Amino acid sequence: MRSLHALAFFAALHLCGEVARAADLGKIVWPKAVDVHQGELVEVKLKGNDLAAVEGQIGNEKIGFYPSGPGMLATIVGADVEAKPGSSKIFLKATDSSGNEHYREIPFKIKAKAFRQESFNVPPNFDRMSPETIEEIRREQAAFTRVFAAPNPDRMWDGSFVRPVPHEASASSFGFRRIINGTRRAPHTGTDLSAPIGTEVVASNHGRAVLVGNFFFAGGSVVLDHGSGLFTMYFHLSEFRVEEGAMVKKGDVVALSGATGRVTGPHLHWGARLLNARIDPLELLKKISRVWEPT
Ligand SMILES: [Zn+2]
């Protein structure tokens, strides 16, 4: 179904190319190109006094745009930590206030990032794969797969994002390639923020708590769905302060930090996922401008 949508979008792009050229192109300022490093995000903006709506597509992922200033629409696009570096296209459709549709293909490049490598050891019970352990890990994977498969299509987040705990990370530990107990493992897909056990963990933006539970690797976990394909995750928690299914506001306490799951000490593991790309959550603090609401 998704590939059919992609095909229809692509076909429309070519069919309507002439119409777009004949229309008043001077009214829309398109991005020239979009470059993003693995695990990072980038804001993409279109300007035009007559701009009513913008839709985009990368591969099979549809991208929603939101108002970000007078005559400006924006969105955020990320690249997965393990995305293959290379060039592709973003397809954009802009609709003006008269209903005319304008189409563009924008070059989209994913650039390689040099991630550090770290080695550490965890207690051997995290390596001993008993049938019970394998069952636990399956349950964990299934729970996360379930929530990521059903994102809320409407954007709930608004404005800038806030830090879930007061700690300022001097450098992100996101993307580190890991050697655990002497074996190469999956990269680290979050940023670890140091937090003594019992530190209040707040929602980094508005959303819905779509997963609240205890798991083998992630320990006490809360996942927030912020809408339009953006999730944030909070792991190794000691206590929950939100129920699964509840709406939360930016800054609401959702849990207390801890040292549960596979950890080497107390900290908050903060993760983010944008349209199925695992990105560094610190990018949310750095790169998103305020969402603007027309008055
Ligand atoms: Zn972590």
Side-chain angles (χ1 to χ4, degrees), residues 37-41 78-83 113-127 133 136-137 140-141 143-145 147-148 161-204 209-224 226 230-240 254-274 276-286:
H37 282 97
Q38 291 169 323
E40 295 188 359
L41 64 81
D80 187 78
V81 63
E82 294 186 291
K113 185 170 177 173
F115 292 105
R116 256 176 58 187
Q117 184 169 298
E118 62 174 357
S119 299
F120 62 92
N121 296 319
V122 295
N125 62 307
F126 281 102
D127 268 346
T133 302
E136 272 286 279
I137 294 168
E140 180 166 5
Q141 288 169 342
F144 283 89
T145 302
V147 299
F148 295 142
F161 283 70
V162 299
R163 244 165 229 294
V165 290
H167 175 74
E168 292 269 341
S170 55
S172 176
S173 55
F174 178 87
F176 282 13
R177 270 40 181 173
R178 295 181 136 178
I179 311 284
I180 304 175
N181 295 359
T183 306
R184 180 172 293 277
R185 303 297 170 86
H188 187 224
T189 53
T191 289
D192 291 340
L193 303 174
S194 67
I197 290 176
T199 304
E200 287 187 338
V201 175
V202 305
S204 59
V210 287
L211 184 64
V212 177
N214 290 292
F215 300 103
F216 183 75
F217 289 121
S221 305
V222 170
V223 177
L224 302 181
H226 301 289
L230 180 66
F231 294 89
T232 56
M233 289 148 267
Y234 310 80
F235 294 168
H236 313 312
L237 306 167
S238 58
E239 284 180 41
F240 302 124
V254 294
L256 301 183
S257 71
T260 56
R262 191 183 68 184
V263 293
T264 52
H267 70 276
L268 174 72
H269 170 108
W270 186 29
R273 194 175 175 101
L274 174 62
N276 289 318
R278 298 162 298 166
I279 58 159
D280 186 345
L282 295 181
E283 292 281 296
L284 299 171
L285 302 179
K286 280 192 270 184

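Both counts, for ligands and for their atoms, begin at 1 and track the order of listing. Being a predicted model, the structure only gives us computed values, none of them experimental.
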Legend entry - Atom of His269 nearest the Zn ion (ligand 1) (restricted to N/O/S, atom name only):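 Restricting His269 to its N, O and S atoms, the minimum distance to the Zn ion (ligand 1) goes to ND1.
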Inset, instruction - Identify, by name, the N, O or S atom of Asp192 lying closest to the Zn ion (ligand 1). - result: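 In Asp192, the heteroatom (N, O or S) nearest the Zn ion (ligand 1) is OD1.
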Inset, instruction - Drop me the distance from Gln38's CD to Lys113's NZ, to the nearest 0.5 angstrom. - result: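 Here the interatomic distance stands at 9.0 Å.
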Inset, instruction - Ignoring hydrogens and angles, tell me if any N or O in the side chain of Glu283 forms a donor-acceptor pair with the backbone of Leu41 under 3.5 Å. - result: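 Such a contact is found between Glu283 side chain and Leu41 backbone.
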Inset, instruction - Kindly confirm whether the Zn ion (ligand 1) is within less than 2.8 Å of some N/O/S atom in His188? - result: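 It does; at least one qualifying atom falls short of 2.8 Å.
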Inset, instruction - Taking the side chain as every heavy atom from C-beta outward, state whether His269 and Asp192 have any pair of such atoms under 4.5 Å apart. - result: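 They are in side-chain contact.
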Inset, instruction - Answer whether the closest heavy-atom distance between the side chains of Leu224 and Phe231 falls below 4.5 Å. - result: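 SC-SC contact between Leu224 and Phe231 ruled out.
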